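Read the structure below first, then the notes.
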Protein chains: 2
Amino acid sequence: MDTNTHFGRIRQALEEQITSGVLPPGARLPAERLLSERFHTTRVTVRGALNSLEQDGIIYREDRRGWFVAPPRLVYNPTKNANFHQMAAEQGYAPDTSLIEAHRIPSTPQIQQMLGLPPLSQVYRLRRLRSIDQRVVLFVENYIRADYFPDLLDHDLSQSLSTLYQERYQTVYQHVAFQLYPVALPEQAASQLKVTQGSAGLLISRVNRDQSNRIIDCDFEYWRHYALVVQAETT
Amino acid sequence: MDTNTHFGRIRQALEEQITSGVLPPGARLPAERLLSERFHTTRVTVRGALNSLEQDGIIYREDRRGWFVAPPRLVYNPTKNANFHQMAAEQGYAPDTSLIEAHRIPSTPQIQQMLGLPPLSQVYRLRRLRSIDQRVVLFVENYIRADYFPDLLDHDLSQSLSTLYQERYQTVYQHVAFQLYPVALPEQAASQLKVTQGSAGLLISRVNRDQSNRIIDCDFEYWRHYALVVQAETT
DNA sequence: TCATCATCTTGGTATAGACCAGATTGCCTT
DNA sequence: AAGGCAATCTGGTCTATACCAAGATGATGA
């Protein structure tokens, strides 16, 4: 790290405080104005250093609330069909899902293409927000074939979908195709995740098939970029 | 997009120019000072908008050279063992690899652990820079078991390693374990990729085994974050 | 012809302020 | 005790300006 600039010095100082454990995961950092005084510099420079640490996943921000030390990343293995609650629980986190909205709507061209549906087909659209240890980390949109899952909306939608499919519809995820790319979080995802629109995120979109190789749903997962590491093995 | 701020207006204006094709992939954007005049604002604000577009992978910067329109992302399928040259060529890009350095060195504890080696073992370390269509997109460090590949350094190391393994050592990649996470690019990767230290990147680290399930090498791939989309399928 | 150096242009870093808007908090009223 | 309101705190956005360092360029000289 280049310590010839204020930028670099602030970055390093904060990084040391964090890795040494003086500032534990979840702890709040001093306010930007306070930091700029303490380092004899300006807010613009301090924000540069904070942004850089945020890029690295060491800290994260909540809009107009402050900066916090980021906990270790969640390990996400898309090849294992793991559901969110199970995955988080196995790694010692306290997961939670809240349902934002659930509707039966006409499918859009994009969704028709992903699900292999004809125009005017009906799908369920779920929007849900997921957190680990009280930190929101994931905003997810599910699009589900309505014809395969009658009365889906009558069930508890804050649980894992894979569990619901299995218990009520005798359907399991068998095959997953996913794409993963770094993006700037779009407006809705950003506001739900309480970050500024345009900040870094990871978009994972998946198309899921059941035991009969029928496409049953697809989803768009918007993750806070520092919240996870994706891991997989193949032969 | 919020067009009530200069930030949002600049973002949108540039985005339109790009998606409409007025500014094609690879084109250079006007200088920051010029943009700030044209939008009746300051460089600080312009840079905010440019950073946001960069996050989104719509534009990219080269240190002290300027801002450019980003071409479509390279599709990277880690499960297919595709080598870089083959993968890029299949998608219509002109790939290139340049060797930065190649040495036989004592392994570090981290590498020993990843490769399952005892202390003091010798490994080759390759550092290479890869580009598509003249744009550097990937800085990669390979650590290779020296005992499995005698005289490796005598060969042409700007080609694909998997090709070299196969043709000269009768060894093929059989099993890959990889981890993928968004990071801020560390110093060396950033300078090689001609971006500012601390800017967004994607780190993919892999541990590769051969047809006998022996660990033969591992690598650390530092990608410019906008340069690729990771894609995979599983059953 | 080719290497070198000065100059210009570019983004990178920095100062020193300012106002806005959402989140939090605590007092004050009912 | 509960609700509402206002003060205060936070980060978000912005102006205006300055100097630095590396890349690009073209004139100069061997």
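Keep in mind it's a predicted model, so treat the numbers as computed, not measured. Here is the naming used below: chain letters follow the sequence lines, and residue numbers restart at 1 for every chain.
Within the 4.0 angstrom heavy-atom criterion, base atoms lie near Arg43(A).
Dense packing is recorded around CD of Gln122(A), with more than 12 heavy atoms of other residues, nucleotides or ligands lying under 6.0 Å away.
If you take NE2 on His225(B) and NE2 on His225(A), they are separated by 10.0 Å, rounding to the nearest 0.5 Å. Interatomic distance, Phe220(A) CZ to Tyr143(A) OH, rounded to the nearest 0.5 Å: 6.5 Å.
Nearest nucleotide to the side chain of Arg61(A), out of dG12(D), dG12(C), dT15(D): dG12(D). Distances from the side chain of Arg47(B) to the nucleotides dA23(C), dA14(C), dG11(C) place dG11(C) closest. In this structure, the nucleotide among dA14(C), dG12(C), dG11(D) sitting nearest to the side chain of Ala31(A) is dG11(D). Considering only side-chain atoms of Thr45(B), the nucleotide from dT13(C), dT15(D), dT15(C) that sits closest is dT15(D). Counting only heavy atoms from C-beta on, Arg33(B) has its side chain closest to dG12(C) among dG12(C), dG12(D), dA16(D).
Rounded to whole Å, the distance from CD on Glu62(B) to C1' on dT10(C) is 12 Å. Between the CG atom of Leu193(A) and the C1' atom of dG22(C) there is a distance of 17 Å, given to the nearest Å. When rounded to the nearest whole Å, the span between CZ of Arg64(A) and P of dA21(C) equals 9 Å. In this structure, Leu50(B) atom CG and dT10(C) atom C1' are separated by 13 Å, rounded to whole Å. Per the geometry, CZ belonging to Arg9(A) stands 13 Å off P belonging to dT13(C), to the nearest Å. Atom CZ of Phe68(B) and atom P of dT10(C) are 11 Å apart (whole Å). Protein atom CG of Leu35(B) is 17 Å distant from nucleotide atom C1' of dT15(D), rounded to whole Å. Following rounding to the nearest Å, Asp63(B) (CG) and dG11(C) (P) show an atom-to-atom distance of 10 Å.
Residues Phe139(A) and Trp223(A) keep their aromatic ring centres 6.0 Å or farther apart.
A donor-acceptor contact closer than 3.5 angstrom is absent between the side chains of Arg206(B) and Asn142(B).
For the pair Phe39(A) and Leu29(B), both in contact range of DNA chain C, the more 5′-proximal nearest nucleotide belongs to Leu29(B).
Neither OP1 nor OP2 of dG17(C) sits under 4.0 Å from any side-chain N or O of Thr42(A).
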